[in-house]
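All values below were derived from every heavy atom in this structure, side-chain atoms included, with hydrogens, water molecules and symmetry-related copies excluded. Convention: sequence-line order gives letters A, B, ...; per-chain numbering from 1.
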2 protein chains.
Amino acid sequence: MATIYDVAQLAGVSPATVSRVFNGVGVSDEKVAAVRQAAEQLRFTPNRTARTLRRQSSEVIALVIPDIENPYFTEMARGVEDVASEAGYSVVLCNSDAQVEKESTYLGIAIAEHMSGVIIAAASERTDLTAIRAAGRPVVAVDRGVGSDVDEVVMANRDAGRAAAESLIEAGYRRIAHIAGPENIETATERAEGWRRALQAHGAEADPELLRFSSFRVDGGREAMEALLALPEPPDAVVAGNNLIGVGAIQVLTERGLTPPRLGVAVVGSLPFTTLSPTAVTLVRLPARHMGVTAARMLLERIAGDAQPTRTVVLRGELQPASVLR
Amino acid sequence: MATIYDVAQLAGVSPATVSRVFNGVGVSDEKVAAVRQAAEQLRFTPNRTARTLRRQSSEVIALVIPDIENPYFTEMARGVEDVASEAGYSVVLCNSDAQVEKESTYLGIAIAEHMSGVIIAAASERTDLTAIRAAGRPVVAVDRGVGSDVDEVVMANRDAGRAAAESLIEAGYRRIAHIAGPENIETATERAEGWRRALQAHGAEADPELLRFSSFRVDGGREAMEALLALPEPPDAVVAGNNLIGVGAIQVLTERGLTPPRLGVAVVGSLPFTTLSPTAVTLVRLPARHMGVTAARMLLERIAGDAQPTRTVVLRGELQPASVLR
DNA sequence: CTGAAAGCGCTAACAC
DNA sequence: GTGTTAGCGCTTTCAG
C-alpha cells in the first residue's frame, strides 16, 4: 500500500502537501494536479486508521439494533445509511440480539474505534449509556427511549395502539385481545396502554386475560395467540404489538382456519412479506425508514458540534384499515 | 481516555508491559495484577485504532451483501456474526444495494480501514475484486461465485431449482412457470437451469414464455406473476427463484383468488414471515445461516494464514413439499 | 521477564 | 503556499 510519502516523492512535493490535497485546503493548482496524478499512478488510498488515530475521530457511526432479522429495523437501517453515506459517513451495523451484554460490547468497540456517534435502539431499559456518554460521543436513541438525556426519535406508540384497537372496534369486534412485546420495553407498554384506552373509551371489555406480554418475535406471537385461543372465552379480535408478533398470530389463525377477518387482526407495524390479501388486516404502518433518516440527521448535527438541549421527535403511524370486513 | 502510559505509570511498570498484559504474553503474576488493577481504576480500554495502525490489521471483517432487507441475507449475517464474535472479531455489515459502485466503495473502506477480510455476496458478475485482492486481504464469496479465484460457499442451485419443479410435477401440475432473478446473477440462471431440466426429464412442456427473469425482490415477483397470468395460456404452477419473488407471486395469486395450491407454488428459499398455512407451498429451504457460518470459518482460516488452494463448498437445500394438494 | 525506543501513516502547528 | 516536524496510542524488536 502506497503512503503519502510515496506520493509526495513521486509528485515532488512534501507529505503535508499531499495530505492537504486530500483534505481540500489551499494548494496551488499545479501541485494539486501533480499529486493527483501520482496518487492515481500508485493507486494510493488514504489510510483511514492513521487518519483516525491522528484526528481522534472517524467518519463512522454505529447503529445498534436488537434484531437484525426484523425488517422494521433493517428498513430503519436503510434510512440511516442513506443519510450517512450522503454525508460521507459509513455505518456499521451492530446486532445486540436484545442482550445488554452484547450491546455493551459494541458500545465499547464504538469508543475504542473512535466512531463519531451512535444510533441505538436499546435492548432493554437496563441499557447502559454512561461509558459512551462519558467518552463524549453523541448518541441518538431510536424506537425506544433510554434513561439518559439524549436525543430521541420514537413512534407515537400509544396512539398507534389506540388506532389499531379502535379500528377493530369500529369493524364490530367486541372482545379484543392484545399481544404486546416484552414488559420491560417502553414501546410494548405504551402500545398496550393505547389498546387499553381504546377499549375503555368505547366501553368495551378490558379483561386482563386479554393482555399478553410476549417477545417481539414470531414465536412470541404464536405462543400468545395459542394461549388466547385456549381461553374459556377466546377473543374475537387481536391487536399485535409489532410486525413479527402479527406474523406469528396470523400463522396460528391460518392453521386453525380462523383467517382474518374471521378473527379480526390489527398490527402495529407493517407486514412486509405477507402473502395475505393486503386488505384483510388492519395495519398501523410505522415510518421506520423515516425514523432512521431523522435520527441520522440529528446525529450528524451533534457530531458537527450542535449543543442545543436534547430533542425528542415523535413520529406518527399511518392507519390502513382492513377493507374486507367479516 | 486513559492510555497505556497512564496505566504504566500508575502500575509502576513500562508501557510495553501493559501492552503485553493485554496481549497475553509472558508477564510475571504480580505485574499482571498491578496492571489489571491500574487499568480497572483508570477505566482503560485499549485504543483499537492505534493497535490497528501498528499491527496493520484489525479484528474486523466486512460482510458485503446486496440487500439488507432480505431475510435470507440477514440470516446469513447472523451465522457470520456468531462465528466471528466467538473468535474475537467484529463484523461490519455493508449494504451494496446490488450496485457495483456502492460495493466498490465498501471494498475500498475495507482496505483503508485495514479490515482483516471480506465475505461478499456479489452485486453482479461485474463485481471487481482486484483492489481488495491486490491489498492481500482474504475474501470469501458467498451465495454467488465471483470471477476471481477465491474461496466460495454457494448453494446447490441447479438441484434446488430441479427439486422445486419436480415436486410440482409430482403433485400433478402440468404447465410450470419459473420466475427467476436477474439474468446476470449466477444463482438465478442456475436455478432456472434446474427448472428447465426437471421439465425436460419429465417430458413436460418447457414453453420459453414460462421463464421470466426479474429482480430478486417482491415487486419483481409480483410483476412477473401478473405477466404470467396474462398469458393466453397461463401456467398452472410456478417456481419462484427466491424467497422474495415467492412472496410477490403469492401476493398476486392471493389477490386473484388463486391461493396455492389452486395454482401450485414452489419456492427456492424460505418464507420466514409468511402468514400462509405452511403446508400449501413447496419450499426448498436454503441453509442461509449455515452458509454464513461456513464462510466465516473459512475466512478466519485464511486470516490465520492458511494458504491452501481455494475451495468451493456447495450447500444443499432441503425439500419440504406442500402437503396440501389441490 | 522487562524496559527503551522506533515506528505504523497521517495531520496540524509552526516556520519560512 | 509549502515544507518540517512532532506526535496520535500502540506493538515489537532489541538489549539487558
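Ion pair A:R133/A:D149 not flagged as a salt bridge, since none of the NZ, NE, NH1 or NH2 atoms sits closer than 4.0 Å to an Asp/Glu carboxylate oxygen. A salt bridge is defined here as a Lys NZ or Arg NE, NH1 or NH2 lying under 4.0 Å from an Asp or Glu carboxylate O, and A:R311 with A:E301 meets this definition. Look at B:D67 and B:R217 and you find no salt bridge, because none of the NZ, NE, NH1 or NH2 atoms lies under 4.0 Å from a carboxylate O.
A close approach under 4.0 Å does occur between a side-chain nitrogen or oxygen of A:S14 and OP1 or OP2 of D:dG3. A close approach under 4.0 Å does occur between a side-chain nitrogen or oxygen of A:Q56 and OP1 or OP2 of D:dG9.
Remark: the backbone N or O of A:I120 is not paired with any side-chain donor or acceptor of A:R144 at under 3.5 angstrom.
Each of B:R54 and B:T17 has a nearest nucleotide on DNA chain C; the 5'-most of these lies closest to B:T17. Summary of the strand contacts: A:V27 and A:R55 both lie near DNA chain D, and taking for each the nucleotide with the nearest heavy atom, the more 5' one is attributed to A:V27.
Distances from the side chain of B:S19 to the nucleotides D:dT11, D:dC8, D:dT4 place D:dT11 closest. Nearest nucleotide to the side chain of B:A16, out of C:dC10, C:dG3, D:dC10: C:dG3. When distances run from any side-chain atom of B:N47 to the nucleotides D:dG9, C:dT11, C:dC10, the shortest one goes to D:dG9. Residue B:S28 has its side chain nearest to C:dC1 when only C:dC1, C:dG3, D:dG3 are considered. Taking every side-chain heavy atom of A:Y5 into account, C:dC10 is the closest of C:dC10, C:dA4, C:dG9.
Distance, A:L53 CG to C:dG7 P: 17 Å, rounded to whole Å. For the pair A:N23 CG and D:dG1 P, the interatomic distance rounds to 16 Å; values are reported in whole Å. Regarding A:Q9, its CD atom lies at a distance of 15 Å from the C1' atom of D:dG3, rounded to whole Å. What separates CD of A:E59 from P of C:dC10 is a distance of 14 Å, to the nearest Å. To the nearest angstrom, P of C:dG9 lies 14 Å from CG of A:L42. Regarding A:I4, its CD1 atom lies at a distance of 12 Å from the P atom of D:dG3, rounded to whole Å. For the pair B:E113 CD and C:dG9 P, the computed distance is 15 Å after rounding to whole Å.
Counting non-hydrogen atoms under 4.0 angstrom, A:R20 reaches a base of the nucleic acid. No contact: B:V18 has no heavy atom under 4.0 Å from any strand. Residue B:F22 is classed as having no contact, given no heavy-atom separation below 4.0 Å to the nucleic acid.
Cation-pi check for B:R36 over B:F22 is met; the charged atom lies under 6.0 angstrom from the ring centroid and within 45 degrees of its normal.
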